[in-house]
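The structure's right below; bear with me while I get my questions together.
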2 protein chains.
Amino acid sequence: MKISAQEEFGLRCLLQLARAQATGETLTLSQIAGREGISVANAGKLMWILNKAGLVQSQRGIKGGYHLARPTSEIHLNQVISVLDGERVDSHCKSYAGVLDACVHTGDCGIRPVIVELHQIVANALAGITLSQLLDTEANVDATLHQIQITKQRTEQRA
Amino acid sequence: MKISAQEEFGLRCLLQLARAQATGETLTLSQIAGREGISVANAGKLMWILNKAGLVQSQRGIKGGYHLARPTSEIHLNQVISVLDGERVDSHCKSYAGVLDACVHTGDCGIRPVIVELHQIVANALAGITLSQLLDTEANVDATLHQIQITKQRTEQRA
DNA sequence: TCTAAACCTTACTTTAAAGTCAACTTTAGT
DNA sequence: ACTAAAGTTGACTTTAAAGTAAGGTTTAGA
C-alpha cells in the first residue's frame, strides 16, 4: 500500500508534460528522462504504458515527442495509478486457486470483499484529485507541507 | 499502491483473532497458520511484526497463544497497513540522495510533497475503518459486493 | 526440576518486480 | 529516396520483497 517507483516516476513524467502543455510545447523522451534523472529506456517504457492507456499522445519522427491527451483538469489520479501498477499480479489470488475471476468477481472467499473494498476506498480518494490540482500543490509547497502536518496530527489523534 | 501479500495476510490474521476474541479464546500460531493456509513460519513472522507494533499480545509457554491488544473498535486500518509495509524502502528517496530525511521532512524537492500528500490521503481513508467494521462487512458479503459495484460505477462515471 | 509446547529471532532461498540494453520501425526534412 | 532523429518492442540483468528453515528462549504443568 505504497506508491511504487514506477508509479511515482510515471506521475512525475505527466507533471513534466503538464507544465510543457501550458506553453504549447511537446517533450522528447530525452528531455523527460534528463529532467527526471532516469534513463531514456526507462522513460520510454513508462511513456509507452501511459500512451497505451490513452493518457498521453506521441508523435514519431524527427520532430516528434509527447504531449498530454487531455487537459490537466480531466486527468484523475486513480487513472494514472491504476494504469501504472496494472501489470502487477494480485497477491491474494496468487495464493489461492490462481484464477483471478474465481475470487474477485464471485466473492467465493470471505476476505476478498474486504480487500476489494479497501482498494475501492483508495481509488475513490485518488479519483478526487486531478493533475491540475497537483500542479497547484507543487507551486505552493510550503503551504502544503503545513497542511500535511495538520492532517497528520488529526490522524494520530484519531488513531 | 496495492495491498501486498504481507499486508493482506497480516490483516487476515487479525480478523482471525478478532473472531476468537468474541468468545474469549486465544489462538496459537499453528491454529492461525492452519486457518489461513500459510506456513507456521510465515505466520510467526507476521505475528512478530504485529506484536512489536502493539496490535496483538502473546503468551509464551505451553498454554500460550495470541490475542488482540485492544477491542476491535479501537484498531484502525491505517495502523495495520503502515506497520505491515513499514519495512519497505521508500522508492523516491532511494533514487535521490539516499537520506530519507533529506526530502521527506524538508521538502527540498518539488515532487515530494505531492507523494507525501497522496500517502496521507490514503492513510486518512484507511483511518476511518476499524476491524469491527470489517467484521460486519465480512458477515454481509453479498450486500457489500453489491455496494462495491455501485461505487465502481460511480468512479468510472467520474473518470 | 525436567520436559514439551509455544513463541522469538536471524539467516538463507526463492521469486517477482524494476530497470537496462539493443534491435526495429516510423517519420520529417533534405 | 536517403538519412538521422525519435518512438516501439521484446529480451536480459539486477535488485528487493516474500517466504522458508532452523536454532534459541520462555513458560506451564507433571
What is the distance from CG of B/L84 to P of D/dG19, rounded to the nearest Å?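 Between P of D/dG19 and CG of B/L84: 12 Å.
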Of B/E8, B/R35, B/M47, which meets side-chain contact (heavy atoms from CB on, under 4.5 Å) against B/C13? B/M47
Which whole-number value in Å describes the distance from A/F9 CZ to C/dA17 C1'?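 Going from CZ in A/F9 over to C1' in C/dA17 covers 15 Å.
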Output, in order, the C-alpha distance, side-chain angles, deciding distance and verdict of side-chain contact (heavy atoms from CB on, under 4.5 Å) for A/L15 and A/R19. CA-CA 6 Å; A/L15 288 174; A/R19 284 188 221 100; 4.0 Å; yes
Roughly how many Å is it from CH2 in A/W48 to P in C/dG19, rounded to a whole number? 16 Å
How close or far is atom C1' of C/dA17 from atom CD of A/E8, stated in whole angstroms? 16 Å
Side chain of A/S58 (C-beta onward), nearest among D/dG7, C/dC8, C/dT9: D/dG7
So, do A/I129 and A/L134 sit near enough that their side-chain heavy atoms are less than 4.5 Å apart?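 A side-chain contact exists here, since the closest heavy-atom pair is under 4.5 Å.
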Residues touching DNA chain D, which here means a heavy atom under 4.0 Å, drawn from residues 24-32 of chain A: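 By residue number: A/T28, A/L29.
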Heavy-atom pair with the smallest gap, counting every atom of A/A43 and A/A33: CB-CB, 3.9 Å
Given atom CE of A/M47 and atom C1' of D/dT8, what is their separation to the nearest angstrom? 13 Å
Of A/G64 and A/G44, the one whose closest DNA chain D nucleotide lies more 5': A/G64
Base contacts versus sugar-phosphate-only contacts with protein, heavy atoms under 4.0 Å: please encode nucleotides 20-30 of chain D as B, S and - from 5' to 3'. BB---BBBSS-
Could you state the CD-P distance from B/E7 to D/dG19, rounded to the nearest angstrom?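 Atom-to-atom, B/E7 to D/dG19, this comes out as 12 Å.
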Can you check whether B/V80 reaches B/E7 side chain to side chain, under 4.5 Å on heavy atoms?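 No. Closest side-chain heavy atoms not under 4.5 Å.
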Can you measure from CG (B/L84) to CG (B/L50) and round to the nearest 0.5 angstrom? 5.0 Å
Tell me which donor-acceptor pairs under 3.5 Å the side chains of residues 23-32 of chain B have, and how far apart each pair is, sequence neighbours excluded?
from	atom 1	to	atom 2	distance (Å)
B/T23	OG1	B/A20	O	3.1
B/T23	OG1	B/E25	OE2	3.1
B/T28	OG1	B/Q31	N	3.3
B/Q31	OE1	B/T28	N	2.8

Without decimals, in angstroms, what is the distance between B/N51 CG and C/dC7 C1'?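 My rounded result for the distance is 9 Å.
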I need the CD-P distance between B/Q57 and C/dC8, as an integer number of Å. 11 Å
Are A/E74 and A/Q79 side-chain neighbours, meaning at least one heavy-atom pair lies under 4.5 Å? no
So, do B/I75 and B/T130 sit near enough that their side-chain heavy atoms are less than 4.5 Å apart?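 B/I75 does not reach B/T130 side chain to side chain.
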